[in-house]
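Report on one structure; see the data block that follows.
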Amino acid sequence: MGFFVGGPMTVTVRTRFAPSPTGFLHIGGARTALFSWAYARRHGGQFILRIEDTDVARSTPEAVQAIVDGMQWLGLAHDEGPFYQMQRMDRYREVIQQMLAAGTAYHCYTSKEELDALRAEQEAAKEKPRYDGRWRPAPGKTLPVVPEGVAPVVRFRNPTDGVVAWDDQVKGRIEIANAELDDFIIARADGTPTYNFCVVVDDRDMGITHVIRGDDHVNNTPRQINLLEALGAPVPVYGHLSMILGDDGQKLSKRHGAVSVMQYDDEGYLPEAVLNYLGRLGWSHGDEEVFSMAQFVEWFDLDHITSSAAQFNTEKLNWLNAHYIKLADDARLGNAIVERLARGGVTATASPDPAAIAALYKDRVQNLNELADCAHAFYVAPQASAEMLAQHLTEPAKAALADLSRRLASADFLPEVLAKTLKESLAATGLKMPQVAIPLRVVLLGQPQSPAIDRVLAVLGRDEVLRRLERMLA
RNA sequence: GUCCCUAUCGUCUAGAGGCCUAGGACAAUACCCUUUCACGGUAUGAACCGGGGUUCGAAUCCCCGUGGGGACGCCA
């Protein structure tokens, strides 16, 4: 193939993300989707979304929606799909019939009880449990008598000799002896196809060229390759991503730490921060830490993916989030303030301007919720604690604020003018800046720290500033 | 038990035999900036799992341990 690079033999890259809809899109799934998406984008190919919903008992439409929502929030758009495996049953049955006819699959009447007994026996003998091939046809072999009234399963006739090998794009070459594999079931007694079979038929039919997935599928790969070969289908390139561990180094699971990507939205993370973080978790481009998706797509490759598990680090995500908030447009952040304040039942009015508040706080917060918390005091006059008032609102401070209040009544509410007014008041009262600025913060915002006080005054506006001063000084 | 994967600072990672007295980032610590708190800036500490090989030379290659993870379903 190398001789035809760029020529007519070049095959379009087609990747897929194939979640089973049994829950939300979690961080590991999101990264798998991101890498598959990026690989397709990088090579001008297609990214396909496939819903593996053959586990009827656990799959739900809500989960499908949650996954689609999560991908949409991240901006990982698919080019084809979503395809649903449950809608492809006829196709699977057709292929099973073909395999039965070709002799690459066969009926097996072994009952579950017999299988359990077999497994128990093998485990007792310290052997790897596997089907013993009792119903596998062979020249000169007499098969057991077909039992009455038993619906058979269909098993794949797996090769018995040799090894299955592939050059995993992230793990390197992996070889597994066929002797380790058994004749696994491809169709249940009720006729429904099983996972490994559906995946293979789908990957073939959908023309998938690169399978990028979690490394929990490494063990499925040799079976799938054998199946693909039995079907005479091309074998895609595989790349198995190692898992993401929780912040505590523990494996993520539904009952431990696994959260929906949408929870990051709730917690005030920007999608670009999550994307950047995920892109850098288990993949690197030299020392690059901060990059846009456009840049990521340009750089992304399978050669620089880490093959060992990575621990999720919220602090680094926080740092990236703070970075992207600094970069974000004020109007966008203003909207986030309005929306998040509304969740707490607070209506942010046009004045003070939410975007102006965002500009004031964007380089001091780590997430959108903190930003909204900062904005809160601009819309709802805060109640400083008695202790805080006692500490900061001393008699000299009150006198200074009274003087300042008089001057502000006639000042233009522009930062430069306010800074000047503040200085004039300081000169008149003989106090230092902190001696006035801190009590002023307490009165205005209910806390002794804030951005530059002149800017706070300008954003809060004259009416509100004077109202709050009056109320406190009364 | 069998098979498979994996192992560099606390964390994410750079590193494809000499460029490594192991680099970057987050976090930590200190200092600077500052009207407060942040932001920002500067600096410091911090790692090649262990043991054997191969080689003039190994974080890099091989083997054996050990730790971690996964698989062994009529789940996906």
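Atoms considered below: every heavy atom in the structure, side chains included; atoms not considered: hydrogens, waters and symmetry mates. Proteins come first, then strands; the chains are lettered A, B, ... in the order of their sequence lines, and each starts at number 1.
- With rounding to whole Å, A/Asp287 atom CG is found 10 Å from B/G15 atom C1'.
- Here A/Lys251 reaches the OP1 or OP2 of B/G70: one of its side-chain N or O atoms lies under 4.0 Å away.
- Between A/Thr54 and A/Lys128, the residue anchored nearer the 5' end of RNA chain B, judged by the nucleotide with its closest heavy atom, is A/Lys128.
- Nucleic acid contact class of A/Lys126 (heavy atoms, under 4.0 Å, all strands): sugar-phosphate only.
- Between A/Lys326 and B/G40 there is a side-chain N or O to OP1 or OP2 distance below 4.0 Å.
- Side chain A/Asp363 to base B/A38: no donor-acceptor pair is found below 3.5 Å.
- The side-chain tip of A/Arg88 does not point at the ring of A/Tyr84 from less than 6.0 angstrom away and within 45° of straight on.
- Contact annotation for A/Pro19: no contact, since no heavy-atom pair falls under 4.0 Å across all strands.
- Note on A/Leu281: only backbone sugar-phosphate atoms sit closer than 4.0 angstrom, heavy atoms only; bases stay farther off.
- For the residue pair A/Asp202 and A/Gln85, a side-chain donor N or O sits within less than 3.5 Å of a side-chain acceptor on the partner.
- Among the atoms of the strands shown, only primed sugar atoms or phosphate atoms (P, OP1, OP2) are found under 4.0 Å from some heavy atom of A/Glu180.
- A sub-4.0 Å separation between OP1 or OP2 of B/G73 and a side-chain N or O of A/Arg155 is absent.
- Not a single donor-acceptor pair, N or O on each side, falls under 3.5 Å between the base of B/G70 and the side chain of A/Asp216.
- Residue side chain A/Glu127 does not reach the base of B/G1 through any donor-acceptor N/O pair under 3.5 Å, judged by distance alone.
- Figure legend. B/U55 is base-paired to no nucleotide; pairs are counted as Watson-Crick or G-U wobble with both atom distances under 3.5 Å.
- Where A/Asp303 and A/Val365 each meet RNA chain B at their nearest nucleotide, the meeting point lying more 5' is that of A/Asp303.
- Side-chain contact between A/Asn220 and A/Gln224: present, with at least one pair of heavy atoms (C-beta onward) separated by less than 4.5 Å.
- Checking B/G24, B/U36, B/A76 against the side-chain heavy atoms of A/Tyr195 singles out B/A76 as nearest.
- Applying the 4.0 Å criterion to OP1 and OP2 of B/U13, one finds that A/Arg280 has every side-chain N and O outside that range.
- Nucleic acid contact for A/Thr110: base, since at least one base atom lies under 4.0 Å from a heavy atom of the residue.
- For A/Asn219 against B/G70, a side-chain N or O and a base N or O form a donor-acceptor pair under 3.5 Å.
- As judged by a 4.0 angstrom heavy-atom cut-off over every strand, A/Lys112 is placed among the base-contacting residues.
- A/Asp454 comes within 4.0 angstrom of a base, heavy atoms only.
- At B/U35, none of the side-chain N or O atoms of A/Arg441 fall inside 4.0 Å of OP1 or OP2 (strictly under the cut-off).
- Taking 4.0 angstrom as the limit, A/Thr306 places a side-chain polar atom (N or O) nearer than this to OP1 or OP2 of B/U13.
- Here A/Gly282 lies in heavy-atom contact (under 4.0 Å) with sugar-phosphate atoms only.
- Note: A/Trp135 and A/Tyr109 meet the aromatic proximity criterion, with ring centroids under 6.0 Å apart.
- As judged by a 4.0 angstrom heavy-atom cut-off over every strand, A/Ala452 is placed among the base-contacting residues.
- Using a 4.0 Å heavy-atom criterion, one finds that A/Val218 contacts the sugar-phosphate atoms exclusively.
- In a base pair of the Watson-Crick type (N1 to N3 plus N6-O4 or O6-N4) or a G-U wobble (N1-O2 and O6-N3), with each distance short of 3.5 Å, B/G50 is matched with B/C64.
- For residues 57-67 of chain A, proximity to RNA chain B is found at A/Arg58, defined as any non-hydrogen atom under 4.0 angstrom from a strand atom.
- A sub-4.0 Å separation between OP1 or OP2 of B/A14 and a side-chain N or O of A/Ser284 is present.
- Between A/Asn321 atom CG and B/A38 atom P there is a gap of 19 Å when expressed in whole angstrom units.
- The side chain of A/Arg223 has B/C72 as its nearest neighbour among B/C12, B/C72, B/G69.
- Base-pair partner of B/A43: B/U29 (Watson-Crick or G-U wobble, both distances under 3.5 Å).
- Within the nucleic acid shown, A/Ala310 comes within 4.0 Å of sugar-phosphate atoms alone, with no base atom in reach, counting heavy atoms only.
- Within 4.0 Å (heavy atoms only), A/Asp182 reaches no atom of the nucleic acid at all.
- The distance between the ring centers of A/Phe300 and A/Phe35 falls below 6.0 angstrom.
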